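Report on the following structure.
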Amino acid sequence: MEISTIGLDLAKNVFQVHGISATGEVIIRKALRRSQMLQFFEKLPPCLVGAEACGTSHHWARELTKLGHEVRLMPAAYVKPYVKRGKNDAADAEAICEAVTRQTMRFVPIKSREQQAALSLHRVRQLLIKQRTQLVNMMRSVLAELGTAIPVGIVKALHMAREIVDGESTLDLPPEAANVVAMLAGQLLQLHIQLRKLDLRLAALQRSDERARRLATIPGIGPIGATALAASVTDPSQFSSGRQFAAWLGLTPRQSSSGGKERLGRITKMGDRYLRQLLVVGATALVRYAKQKPSTVDPRFVALLARKPARVASVAIANKMARIAWAVMARGGVFERGHAPMLAAA
């Protein structure tokens with residue numbers, strides 16, 4: 001009897017395999033070391049391999065695909081209901097093996113090495129921004145205890161850090177505190193320089209990527225948002241509509257409907273948190289422009305602001321941006337202001 005389907009529970013060093021035949025009979029339950037993975041799958045005839053989408057899953061999916069296997073990645077949350085009882089690697093592999101054969105299961109497209117490399121820039125940028133915020137907060141707290149307040153805003157904090165490093169600061173601090181603040185200021189400026197370099201690399205990446213260039217034509221989406229969307233969405237055709245794409249990003253209301261009564265709550269906040277954050281930040285910028293210069297934005301945004309609070313309007317505009325982004329990725333072309341969608345045939 002040949003193995004037709006394998007559930008693969010990925011890990012760092014020890015991998016669990018659960019294989020079944022075409023009739024559903026269990027043929028193999030086995031733990032593999034990292035060095036044994038490719039040797040094991042090289043000896044198998046082509047079969048269906050299921051795995052949970054995680055940090056290393058795309059790498060192994062590419063490697064197993066080269067060996068002739070069909071690899072399908074699934075969100076871990078969709079696999080969990082198939083775990084019968086208890087939590088261990090063998091039970092997880094069995095659940096994966098069962099989940100991958102479901103007709104209604106949703107799968108995650110496999111990312112290329114180039115897409116993962118582009119996303120690594122975004123992940124590092126996120127980390128450096130958090131570290132920069134931590135350094136600014138520490139500087140504020142140390143100086144506040146000694147009677148000095150840094151004005152609000154990252155620009156003001158960087159200006160003060162530059163004065164401290166250059167020796168132009170007029171702060172009256174004890175020697176120990178002065179040394180500590182100078183050390184924090186130096187690290188803050190170094191982090192800011194690294195962030196600027198990352199921003200330049202993302203801008204260059206946006207100019208070199210055809211899909212990212214088209215996405216950047218959408219108001220509210222810049223080089224960072226365009227490159228993140230282009231690298232994260234491998235296959236836009238997996239979504240049947242822009243609304244489904246917005247729902248995947250967690251920008252649609254949560255439903256709690258029953259008995260024919262529709263109850264809509266706040267947005268679900270499902271999916272990629274980073275992409276959703278970029279869209280909401282871009283929409284917030286459009287809201288600010290709509291308040292200051294109404295003629296520079298879509299008149300519908302101005303009308304929306306007249307009816308809804310600014311934060312609600314920001315999320316609604318982010319939802320609209322997500323739908324436009326899906327249309328640009330799935331259908332080609334660029335954003336056209338004032339474009340009227342085609343009416344469905346009667």
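Keep in mind that the numbers below use all heavy atoms, side chains included, and drop hydrogens, waters and symmetry copies. Everything quoted here is computed from the prediction, not taken from an experiment.
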[X] to [Y] - nearest heavy-atom pair and separation:
| X | Y | answer |
| --- | --- | --- |
| L121 | L205 | CD1-CD2, 4.5 Å |
| A228 | L119 | O-CD2, 4.3 Å |
| A31 | V14 | CB-CG1, 4.2 Å |

Is any NZ, NE, NH1 or NH2 atom of the basic residue among [X] and [Y] found under 4.0 Å from an Asp or Glu carboxylate oxygen of the other?
| X | Y | result |
| --- | --- | --- |
| R162 | D166 | yes |
| K66 | E63 | yes |
| D298 | K320 | no |
| K84 | E98 | yes |

Going from [atom1] on [X] to [atom2] on [Y], what distance comes out if it is rounded to the nearest 0.5 angstrom?
| X | Y | atom1 | atom2 | answer |
| --- | --- | --- | --- | --- |
| M321 | I218 | CE | CD1 | 7.5 Å |
| S237 | W326 | OG | CH2 | 9.5 Å |
| H58 | T65 | NE2 | OG1 | 12.0 Å |

Quiz item: cation-pi between R123 and Y274, 6.0 Å / 45°: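 R123 over Y274 ring: yes.
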Answer yes or no: are there more than 12 heavy-atom neighbours, outside [X] itself, under 6.0 Å from its atom [atom1]?
| X | atom1 | value |
| --- | --- | --- |
| R211 | CZ | yes |
| D172 | CG | no |
| M37 | CE | yes |
| F107 | CZ | yes |
| R273 | CZ | no |

Q126 and H122: CA distance, side-chain angles, deciding distance, side chain to side chain donor-acceptor pair (under 3.5 Å) verdict: CA-CA 6 Å; Q126 274 186 297; H122 289 272; over 6 Å; no
Go through the structure and list residues passing ring-ring contact (aromatic ring centres under 6.0 Å, His included) with H69, not counting sequence neighbours.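 Partners of H69 by the ring-ring contact (aromatic ring centres under 6.0 Å, His included) criterion, ordered by chain and then number, come out as F41.
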side-chain contact (heavy atoms from CB on, under 4.5 Å) against E176, all qualifying residues, sequence neighbours excluded: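 For E176, the residues satisfying side-chain contact (heavy atoms from CB on, under 4.5 Å) (neighbours in sequence not counted) are P174.
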Between F245 and V233, is any pair of side-chain heavy atoms under 4.5 Å apart?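 They are in contact (side-chain heavy atoms under 4.5 Å apart), so the answer is yes.
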